[in-house]
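Notes follow once the structure below has been shown.
As a basis for the values below, the full set of heavy atoms in this structure was taken, side chains included, without hydrogen atoms, waters or symmetry mates. In what follows, every chain begins at residue 1, and chains take the letters A, B, ... in the order their sequences are listed.
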Amino acid sequence: MRSIMHVNTAGNERLTMMAFSLPENPLRSGLRLGRTPEPCTMVIFGASGDLTSRKLVPALYNLARERRIPGGFSVVGFARRDWDDSFFRQTLLDGLNANSRSGRAEHPLWDSFADGIFYHQASFDQGEGYFGLKERLDAIDRERGTGGNRVFYLATPPESYPLIIQQLGAHGLAQSSGGGWTRIIIEKPFGHDLESARDLNAQVLSVFDESQVYRIDHYLGKETVQNLMVFRFANGIFEPIWNRSQIDHVQITVSETVGAEERGGYYDKSGAMRDMIQNHMMQLLTLTAMEPPVAYDANAVRDEKVKVLRAVRPITPADVVHSTVRGQYGPGNMGGSPVVGYRTGKGINPESQTETFVALKLFVDNWRWAGVPFYLRTGKRLPRRVSEIAVQFKTAPHLLFDDTPINDIEPNVLSMKIQPDEGITLTFSSKVPGQGQIRPVTMDFRYGSSFGVASPEAYERLLLDCMLGDGTLFTRRDEVEASWSLITPIHQGWAAGPPQPFPNYEAGDWGPTAADEFMARDGRAWRRV
Amino acid sequence: MTTDIARIERDLQDLWKNNAVESAAAGHTTTRALTVNLLVRADTSARADEMGAVIQQLTASHPNRALVLIDRPAVGDPQIEAWVQANCLLNVLGATQICGEQITIDSRGGHAGQVVSLMLPLLVPDLPVVLWMDGPQPFDLPLLHKLRGVLNRLIVDSAGFADPLHELVMMANYEAHSMLGPKPLSLSDLNWARLTPWRELTAQFFDTRPFLPHLRRLDHVEIDYVAVGEGGLLRALMLAGWLASNLGWELQENGAVRTGDTIQFHMRRPGVGAASGDTRPVLIALRPAPSSDNALVGLSALHLRAVDNILADFSVEQTDSPTCARTVAQVAGHPTISRLARAERAGVADLLAAELRLLSRDRTFSAALQAAAECARALDT
C-alpha cells in the first residue's frame with residue numbers, strides 16, 4: 001500500500017511522505033542496534049493470564065530498557081477480569097520483578113513505560129467490547145502518536161482464536177486507517193491436527209492477509225536456534241560435509257524434567273507429539289536440514305524450511321509400529337525425591353493414553369539427505385532438561401590405529417545445545433600425551449562465556465521482529481500445514497492400534513526401553529546428553 | 001638489561017598448570033581463552049593497576065593476552081622487568097573460570113625500541129593486536145611509531161586530552177593517515193563511544209515514518225555540554241560532527257564563532273523537495289552547562305529543531321536519575337511523545353568491549369571526527 005502526502009512550507013520546501021517502504025534513516029549508519037519499530041499499540045487478548053506477566057511484558061520492558069522500542073509504545077490488556085489500569089500495571093510490575101532477566105524494575109524507567117499500559121475489561125464474545133477497544137485504540141493514537149499501528153496478540157486458549165479473529169474482522173480492526181499497519185500474533189498450538197490447522201488458517205485468512213499473520217514458535221526466538229543458520233551458512237568449512245556422504249545420522253533431543261503438572265487439562269488432549277514434535281522439533285529439523293536460502297529474508301528462509309518438510313518421508317498409519325515409540329511416565333524419582341505418575345496428575349484421565357514420550361525416525365528424501373536417519377525424541381520427567389541437535393559423522397573410512405580395547409575411537413559428533421548451557425561442541429579423537437592411546441576430546445564454544453553478554457529472551461526477539469514487520473522467525477501457513485501433514489497420520493496410526501501398556505517408564509528414566517531397542521535395531525544408540 | 005622471553009612463556013605455562021589444579025580442588029573448571037592481544041600503556045604503577053582492573057573485567061567478553069607496559073622515566077640505570085598473572089572470572093553459573101593472561105612489563109627508562117623488542121615476541125599469533133592508551137594524545141609517541149606495523153587498532157580516550165581542540169585535530173589527522181599504507185590501522189576513541197546512548201536516542205526519533213522527513217529539514221541544533229573535566233566539549237563537538245557528516249552539512253567560511261561561552265557553527269545543508277539544489281542554513285550551538293553528578297556522560301541536553309512553518313522539535317535531556325534521559329518529540333500534527341529512556345553511563349571495560357567488537361574501521365566515527373576537527377580548526381583560526 002502506498003500513500004503520498006505533499007506539504008507546503010513557507011520556504012517552498014515540499015515535504016513528501018511516502019508510506020510504501022521506510023527509507024533509510026541516515027543516523028542509523030554505524031549504530032550497532034538496528035532500526036527500532038514505529039510506535040504501536042500491542043493489544044493482548046487474555047492479558048490477565050500467566051504469559052503476559054511472566055513473558056510478554058518483561059520482554060517488552062527489556063526492549064524498552066535497551067532502547068529497542070520507541071516512545072509512544074503502548075499496551076492494552078483485553079480480558080474479562082474486573083481490573084483497571086492501575087491494578088493491571090501493578091500486576092505486571094509484580095510479574096516483571098519476579099521474571100525479568102534484568103532483575104527488578106528500575107523505577108523511573110518502569111513508571112514511564114507503564115504510562116503506556118492500559119486495561120480494557122471485556123469478553124471475547126461480546127461486540128461492545130470490540131467497539132470499546134476501537135475507541136480506546138483511536139484515543140491512544142491521538143494521545144500517544146501510535147499512528148494506527150497495532151499488534152493483536154492472542155494469548156488465550158486456542159479455542160478462543162476463531163471467535164476473537166472473527167470479532168476483530170467484524171469491527172473493522174483487522175486493517176488500520178491512515179497509513180498504519182495491523183498484525184496479529186498467534187501462539188502455538190496452531191490447530192491440533194491437519195484439518196483443524198487448515199480450518200484455523202482459513203478463518204485467520206478470511207480476516208487478515210498472510211503478511212499480517214505471525215504464528216509464534218518461541219524456539220525460533222532463541223539465540224542458539226538463530227545461531228544454527230549463522231553456524232551453517234557463515235562458516236564455509238561445514239557446508240561441504242553437511243550431507244549424506246559424511247553424516248551417519250542426526251539425533252534431536254528435547255527432554256524435560258517437569259511433568260504435566262498444572263497443564264494437565266491441556267496436555268492430556270495434546271500429548272508430546274503435538275506439544276513438542278509438531279512445532280519446536282520440526283523447527284530444529286528444518287533448520288538442520290534446509291538448503292542455504294538465496295537471501296536472509298522471511299520468505300526465502302521459510303521457503304527452504306517448507307521444502308524440507310515436503311521432502312520428509314511420511315510415516316503412514318501402518319508404519320507407526322516400526323518408526324515410532326510412545327511412552328508415558330509412571331511414579332519414580334526426580335532429583336532424589338519421589339514423584340507421582342502422569343495419570344495421577346490434576347485434570348488427567350486416570351486411564352489416559354496420552355503420550356508423554358515420543359521417539360521417531362524420519363528420513364528427508366532429497367539429494368542431500370537420502371538414507372540419513374533423523375532420530376527425534378522428546379519426553380517429560382526425563383533425568384535432565386536438554387535441547388540438543390547432534391550430528392554424528394561417519395567413522396574414518398580406514399582406521400590406521402589399532403582398534404584395541406585401550407583405544408576409544410568414537411565417531412566425530414557436532415552437537416548444538418539449544419538449552420541449557422547453550423553452545424556448540426565438536427568431539428574428535430586425540431592422542432593421550434605420553435601414551436599410545438586415543439581418546440575422544442571436545443572443543444567447546446559456549447554462548448554465555450564467549451560473548452560475556454546476556455542473551456535476550458526469545459520473546460524479546462520475536463516481539464521486536466513482529467513490530468518491525470520481519471516474519472523470518474515466525475511460521476508460515478504452508479509450513480504449519482506441511483508439519484501437520486506429517487504428524488496427523490501418526491496420530492491416526494496410533495488411534496487405530498491397540499491401547500498402550502501405559503505407563504511404561506518411570507519418572508527419572510530416559511524413557512521406555514522400547515526407545516533403546518528402537519535405536520539398537522539400527523545398530524545405534526541414543527546419546528547420553 | 002635483558003628480560004628472558006622464554007622464561008616469561010614458561011612462567012605462563014606453569015601458571016596455567018597450577019591454576020588448573022587449584023580450580024579442580026575448588027570445584028571449578030578453567031578455560032584459558034584468548035581472543036585478542038591487548039597492549040596497554042600506563043605511565044605510573046598506580047595507573048597500571050587501574051587499567052589492570054579494567055582488563056580483568058574485560059575478560060568476561062574479550063579474554064585476552066594483555067601486555068601492560070608501565071612506561072616510566074629512569075631512576076638511576078634503565079631497568080626492565082616483567083612478570084605474569086592470570087586474569088580469571090567465574091561465569092554466572094560459578095562453575096567455569098574464563099581466564100586470560102597478563103604480562104606486565106615495568107620499564108624505567110627503557111627506550112621504545114627495547115620495550116617493543118620485548119613485546120613483539122610475546123604477541124599470540126593469529127589474534128588481532130590492539131593498543132590502548134589513555135591520557136594526553138599519544139600520536140607522536142615513539143612507542144606508537146614502533147608498534148605501528150603490528151597494530152590492528154589503537155584505542156585512545158580524548159577525555160584525557162590536555163589541549164582538547166588542538167589534540168582533537170591531531171587525532172583527526174592521525175586517523176586520516178592511519179588508513180593509508182599497506183597495513184591500515186583503525187582508531188577508536190572511548191570518548192566517542194560514550195556518545196552511543198545519545199546517538200541511539202537521537203536516531204530513534206527518525207525511525208518513525210512521519211518524523212523521518214524532518215531530519216533533512218533541521219536547521220537548529222543546541223548541545224549543552226558539561227564544561228568541567230571528562231571531555232564534555234569534545235563529546236559535544238563529535239556529536240555535532242556526527243550530525244553534520246550524516247546529513248551533509250558543511251561549515252561555512254568563517255562559520256565558527258564564539259559568543260560568550262557559546263560556540264556557534266554556521267553550516268549549510270542541502271535544500272529539501274522542490275528547493276533541492278539550493279542550500280539552507282543550519283546553526284549548531286554548543287553551550288556549557290553546570291556540572292552535575294547525574295551529568296549524562298558529559299552532555300546534558302541535545303535539541304534539534306526545524307523552525308520553518310512546520311514545527312518539529314526533538315530533544316534528549318539528562319534527568320535527576322543517573323541512568324535515564326528524557327526524550328521528547330514535538331511535531332506539528334502529532335501528539336507530543338515524551339518518555340524516559342535508559343541511557344547508562346558505561347564503565348571503561350564496557351566501552352573497550354564495544355570497541356573491540358569492531359573488526360574494521362568505524363567509518364561513522366571517522367566521518368564524525370573529520371567533521372568535528374574541521375569545526376575545531378575553524379575555531380582555532
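In this structure the side chain of A:Leu27 never reaches within 4.5 angstrom of the side chain of B:Phe205, judged on heavy atoms. No side-chain heavy atom of A:Glu143 sits under 4.5 Å from any side-chain heavy atom of B:Pro335. With contacts defined as side-chain heavy-atom distances shorter than 4.5 Å, the pair A:Asp111/B:Leu340 does not qualify. A 4.5 Å side-chain heavy-atom check between B:Thr319 and A:Pro108 finds every atom pair outside the cut-off. Considering only heavy atoms from C-beta on, B:Ile337 stays 4.5 Å or farther from A:Arg144 through its side chain. Counting only heavy atoms from C-beta outward, the side chains of A:His107 and B:Ser321 never approach each other to under 4.5 Å.
More than 12 non-hydrogen atoms from other residues, nucleotides or ligands lie less than 6.0 angstrom from CG of A:Asn235. Applying the 6.0 Å contact sphere to CD of B:Glu250 captures no more than 12 heavy atoms from other residues, nucleotides or ligands.
Counting heavy-atom pairs under 4.5 Å between each of A:Gly145, A:Gly72, A:Gly116 and chain B puts A:Gly145 at the top. The most heavy-atom pairs under 4.5 Å with chain B, out of A:Asn149, A:Ile69, A:Asp141, come from A:Ile69. Ranking B:Asp362, B:Leu358, B:Val331, B:Val328 against chain A, the residue ahead of the rest is B:Leu358, based on heavy-atom pairs under 4.5 Å.
For A:Leu468, no part sits under 4.5 Å from any heavy atom of chain B, backbone or side chain. B:Ala354 touches chain A through backbone and side chain together, each having a heavy atom under 4.5 Å away. With a 4.5 Å cut-off on non-hydrogen atoms, B:Ser245 does not touch chain A at all. Contacts of B:Arg363 with chain A are absent, with no heavy-atom separation under 4.5 Å from either backbone or side chain.
Residue A:Thr146 holds its OG1 atom at 11.5 Å from NE2 of B:His334, rounded to the nearest 0.5 Å. The distance from atom CZ of B:Arg339 to atom CZ of A:Phe73, rounded to the nearest 0.5 Å, is 11.5 Å.
Closest approach of A:Pro26 and B:Leu212 over heavy atoms only: CD-CD1, 4.5 Å. Heavy atoms only, all atoms of each residue included: B:Asp207 and A:Glu38 are closest at O-CG, 3.7 Å.
Side-chain atoms of A:Arg67 come within 3.5 Å of backbone N or O of B:Arg342 as a donor-acceptor pair. Under a 3.5 Å cut-off, the side chain of B:Thr364 and the backbone N or O of A:Ser29 do form a donor-acceptor pair. Side-chain atoms of A:Asn25 come within 3.5 Å of backbone atoms of B:Ala203 as a donor-acceptor pair (strictly under, hydrogens ignored).
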Practice problem: Any chance you could lay out the side chain to side chain contact (heavy atoms under 4.5 Å, CB included) test for A:Leu31 and B:Glu200, step after step, and finish with the verdict? | Solution: CA-CA 7 Å; A:Leu31 277 175; B:Glu200 284 176 358; 3.8 Å; yes
